[in-house]
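Reading through the structure tokens given below for one structure.
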Amino acid sequence: MNVLHFVNAFFSDSAHWHGYDGIPGRLLEHVQYTLMALGLAAAVGLPVGLLTGHTGRGGNAVAFVATAARALPSFGLLVLIAVAVGIGLLPVMIPLVVLAIPPILVTTYEAVRSVDPSPVDAARGMGMRESGILFRVELPVALPLVLSGLRSAAIQVVSTATIAAYVSLGGLGRYIIDGLYQRDYEKVVGGATLVALMALVTLAVFWAAGRLAVSPGVRRR
């Protein structure tokens, strides 16, 4: 049996569309994990990246933190925290947030640092406050790169949130973990396909956000 047959069998089975283990419910759980982790990571990475990028200070610290966070294995961190604090949402959120912060932090920092200094100097010479320079001059120009960092983080979280199933939570990883345990490869392939489709939808969402949020003049650069 090939992969396409497994995919067709999984999605054509009406039992996978109803109940607590149905696709809509598992998809909603996966989206919730993703949004929570991405929101927490953005709450940390965006302010720090904007501030360090604007001031030009802390670049080495940003690079060090990003490198260290990327070196941490998400699954190993999940197991370690689950052993320490028990099964629940916290052991899932910490690895996902740690995974998502580096691309947001580094890309935001680099985006602000790459802004042409001429308009920044002009705004400063006109007496504009530093906060105004950051949010009215630098951020609109840096926005495409900032969104690319958020997009990268979102894709990584969508793909990695399947680890929630290892600590008895839900999400699309439930199909993969349960399928492997039951040797039900139709369920494994179906779950993996759903994760891939969700990643593609995430890309489309960020593309649309870029078209709406970024000014045409900046997009054409």
Side-chain angles (χ1 to χ4, degrees), residues 23-50 62-82 84-85 87-111 142-180 188-210 212-213:
I23 292 173
R26 294 303 186 197
L27 184 61
L28 179 60
E29 290 171 345
H30 205 91
V31 170
Q32 288 174 338
Y33 300 152
T34 300
L35 291 178
M36 287 177 63
L38 189 62
L40 290 170
V44 175
L46 285 177
V48 176
L50 289 172
V62 167
F64 174 78
V65 170
T67 303
R70 284 171 174 163
L72 292 173
S74 298
F75 182 67
L77 192 58
L78 169 73
V79 173
L80 182 64
I81 298 171
V85 304
I87 292 174
L89 189 59
L90 181 62
V92 176
M93 283 296 108
I94 292 177
L96 293 181
V97 171
V98 169
L99 177 72
I101 286 177
I104 297 174
L105 177 60
V106 173
T107 309
T108 302
Y109 170 80
E110 293 294 341
L143 191 56
L145 277 177
V146 173
L147 287 175
S148 73
L150 288 169
R151 182 186 64 225
S152 298
I155 295 298
Q156 292 181 42
V157 171
V158 165
S159 304
T160 312
T162 52
I163 63 175
Y166 279 102
V167 289
S168 302
L169 295 182
L172 299 177
R174 193 78 267 159
Y175 294 124
I176 299 174
I177 303 303
D178 291 349
L180 288 172
V188 173
V189 172
T193 302
L194 285 168
V195 174
L197 290 174
M198 187 173 170
L200 292 176
V201 170
T202 302
L203 284 174
V205 168
F206 275 94
W207 176 84
L212 292 173

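Predicted, not measured: the structure shown is a model, and the values here were computed from it.
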Query raised in the report: Thr107: what forms a side chain to side chain contact (heavy atoms under 4.5 Å, CB included) with it, not counting sequence neighbours?
Result: Leu145, Ser148
Heavy-atom pair with the smallest gap, counting every atom of [X] and [Y]:
| X | Y | answer |
| --- | --- | --- |
| Gly210 | Leu147 | CA-CD1, 3.7 Å |
| Ile163 | Ser74 | CD1-O, 4.4 Å |
| Ala42 | Pro47 | O-CD, 3.4 Å |
| Gly170 | Ala164 | O-CB, 3.9 Å |
| Ala153 | Ile104 | CB-CG1, 3.7 Å |
| Thr34 | Val157 | CA-CG1, 3.7 Å |

Euclidean distance, [Y] [atom2] relative to [X] [atom1], rounded to 0.5 Å:
| X | Y | atom1 | atom2 | answer |
| --- | --- | --- | --- | --- |
| Thr202 | Trp207 | OG1 | CH2 | 15.5 Å |
| Leu78 | Leu90 | CG | CG | 10.5 Å |
| Leu105 | Ile101 | CG | CD1 | 7.5 Å |
| Thr108 | Leu46 | OG1 | CG | 4.5 Å |
| Gln156 | Leu38 | CD | CG | 10.5 Å |
| Ser152 | Leu203 | OG | CG | 9.0 Å |

Report task. I would like to know whether Tyr166 and Ile177 meet side-chain contact (heavy atoms from CB on, under 4.5 Å); could you show each step before the answer? Result -> CA-CA 7 Å; Tyr166 279 102; Ile177 303 303; 3.4 Å; yes
Query raised in the report: Given the rule in the side-chain contact (heavy atoms from CB on, under 4.5 Å) test, do Glu29 and Leu169 qualify, once you have shown the distances and angles that lead to the verdict?
Result: CA-CA 9 Å; Glu29 290 171 345; Leu169 295 182; over 6 Å; no
Report task. Inspect the surroundings of CZ in Phe206 and state if more than 12 heavy atoms from other residues, nucleotides or ligands are less than 6.0 Å away. Result -> yes
Query - Exam field: side chain Tyr33 to backbone Leu28, donor-acceptor pair closer than 3.5 Å - result: no
Within the 4.5 Å heavy-atom criterion, are [X] and [Y] side-chain neighbours or not?
| X | Y | answer |
| --- | --- | --- |
| Val44 | Val97 | no |
| Leu194 | His30 | no |
| Ile81 | Pro95 | yes |
| Thr162 | Arg174 | no |
| Leu96 | Met36 | no |

**Report entry** With Leu172, the side-chain contact (heavy atoms from CB on, under 4.5 Å) member among Leu27, Ile23, Thr193, Leu197
**Finding:** Leu27
